[in-house]
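As structure tokens, the structure follows; a few thoughts come after it.
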Amino acid sequence: MNKNIGIAKIVIAIDGPAASGKSTTAKLLAKKLGYIYIDTGAMYRAFTLKVLSENLLEQLLGDESRLRQFVEHTDVRLTDTQVWLDGRDVTEQIRSNEVSKLVSKISALKAVREKLSAIQKKLGEAKGVVMDGRDIGTAIFPNAELKIYMMASARERAKRRYAELKAKNADIDVSLDALEAEIKQRDEEDMNRAVSPLRKADDAVVLDTSSLTIEEQVERIYRLALEKINS
Ligand code: DC
């Protein structure tokens with residue numbers, strides 16, 4: 001743990017649109033503070049992976065009791081660096097483009113949100129957490145001591161996603177324009193859903209990361225966190 005940090009532990013909520021750099025920043029920030037990092041998007045992605053691999057989309061969208069049953073029988077867990085779905089490690093699989101394209105639809109389902117929100121609230125109870133997502137500062141921890149809203153232009157976010165995908169698989173057949181269109185579509189869906197839409201909390205600090213490096217992003221939030229911890 002950093003010597004600057006007293007015993008006080010706070011909750012740091014980081015929200016923002018797709019590919020705005022939340023998870024990389026949040027992970028590094030948590031490490032610097034000796035806090036736990038919780039990637040709530042990964043939980044929605046795990047649910048989505050199950051819907052895709054079991055080909056359940058049509059069935060679940062039209063049948064509320066089937067959906068409730070499905071949610072009840074789905075176990076999503078996070079450990080330090082891994083994501084588990086029904087006991088299987090799905091850390092890599094949840095990052096596929098197929099999952100990215102469908103996840104907004106699945107995360108808009110009330111039954112899914114209710115289940116994951118309850119888990120997330122529990123995970124943050126002891127404080128000392130950095131949690132990233134879309135509704136952390138507005139719905140999960142409306143009393144978080146520090147709230148950050150990270151954003152960047154859609155083009156910049158598409159460029160980052162493109163570099164990420166290419167780094168994993170140089171032969172991948174994907175265009176920057178298509179990624180930008182997908183990101184905009186996801187923003188649209190995340191911001192306009194009925195339950196806990198993506199929105200900046202009134203008391204969130206806005207961080208535009210279009211021209212910031214990851215290190216600069218981490219450093220800015222780290223300083224804000226120290227102010228809160230020591231106040
Ligand atoms: O952060 P991410 O791109 O991995 O998130 C994937 C999707 O999950 C995102 O498009 C919306 C949804 N999500 C959500 O609705 N609420 C959260 N707290 C986190 C993610």
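Remember, it's 1-based here, ligands and their atoms both numbered in the order they're listed. Just the heavy atoms: all of them, side chains too, but no hydrogens, waters or symmetry mates, feed the values below.
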Distance-only check: which donor-acceptor pairs under 3.5 Å involve side-chain atoms of residues 119-128, not counting sequence neighbours?
from, atom 1, to, atom 2, distance (Å)
Lys127, NZ, Glu145, OE2, 2.4

- Query: How about Arg220 and Thr25: does a side-chain donor come under 3.5 Å of a side-chain acceptor?
  - Reply: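 Arg220 vs Thr25: no donor-acceptor pair found between side chains.
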- Message: With side chain to side chain contact (heavy atoms under 4.5 Å, CB included) as the test, pick out the partner of Tyr35 among Val129, Ile10, Val11.
- Response: Ile10
Whether the side chain of [X] engages the backbone of [Y] through a donor-acceptor N/O pair (distance < 3.5 Å, no angle test) should be reported.
X      : Y      : answer
Lys159 : Leu176 : no
Lys27  : Tyr37  : no
Arg157 : Ala152 : yes

- Is the Lys NZ or Arg CZ of Lys200 less than 6.0 Å from the centre of Tyr149's six-membered ring, within 45° of the axis?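 Verdict for Tyr149: no cation-pi partner in Lys200.
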Around [atom], find the nearest protein heavy atom and jot down its residue, atom name and distance.
atom                    : answer
atom 6 (C) of ligand 1  : Arg186 NH1, 3.6 Å
atom 17 (C) of ligand 1 : Arg134 N, 3.3 Å
atom 18 (N) of ligand 1 : Asp135 OD1, 2.8 Å
atom 19 (C) of ligand 1 : Thr40 OG1, 3.3 Å
atom 4 (O) of ligand 1  : Arg45 NE, 2.7 Å
atom 20 (C) of ligand 1 : Gly41 CA, 3.5 Å
atom 12 (C) of ligand 1 : Ser107 OG, 3.4 Å

- Side chain, backbone, both or neither: the part of Arg193 lying under 4.0 Å from ligand 1 by heavy atom: side chain
- Query: Given that the side chain starts at C-beta and the backbone is N, CA, C, O, which of these parts of Glu189 lies under 4.0 Å from ligand 1, counting heavy atoms, or is it both or neither?
  - Reply: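 Looking at Glu189 and ligand 1, no heavy atom falls under 4.0 Å.
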Considering the heavy atoms of [X], write down every atom of ligand 1 situated less than 4.0 Å from one of them.
X      : result
Ser104 : 10 (O)
Asp190 : 9 (C), 10 (O), 11 (C)
Val103 : 6 (C), 7 (C), 8 (O), 10 (O)

- Message: Under the salt bridge (Lys or Arg N to Asp or Glu O under 4.0 Å) definition, can you give me all pairs with a residue in residues 204-216, not counting sequence neighbours?
- Response: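 Every candidate salt bridge (Lys or Arg N to Asp or Glu O under 4.0 Å) pair involving residues 204-216 fails, so no pair, neighbours aside, qualifies.
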- Query: So, does Ala18 sit close enough to ligand 1 that a heavy atom of it is under 4.0 Å from the ligand?
  - Reply: no
- Check whether any heavy atom of Arg113 sits under 4.0 Å from an atom of ligand 1. yes
- Any side-chain heavy atom of Asp132 within less than 4.5 Å of one from Asp15? no
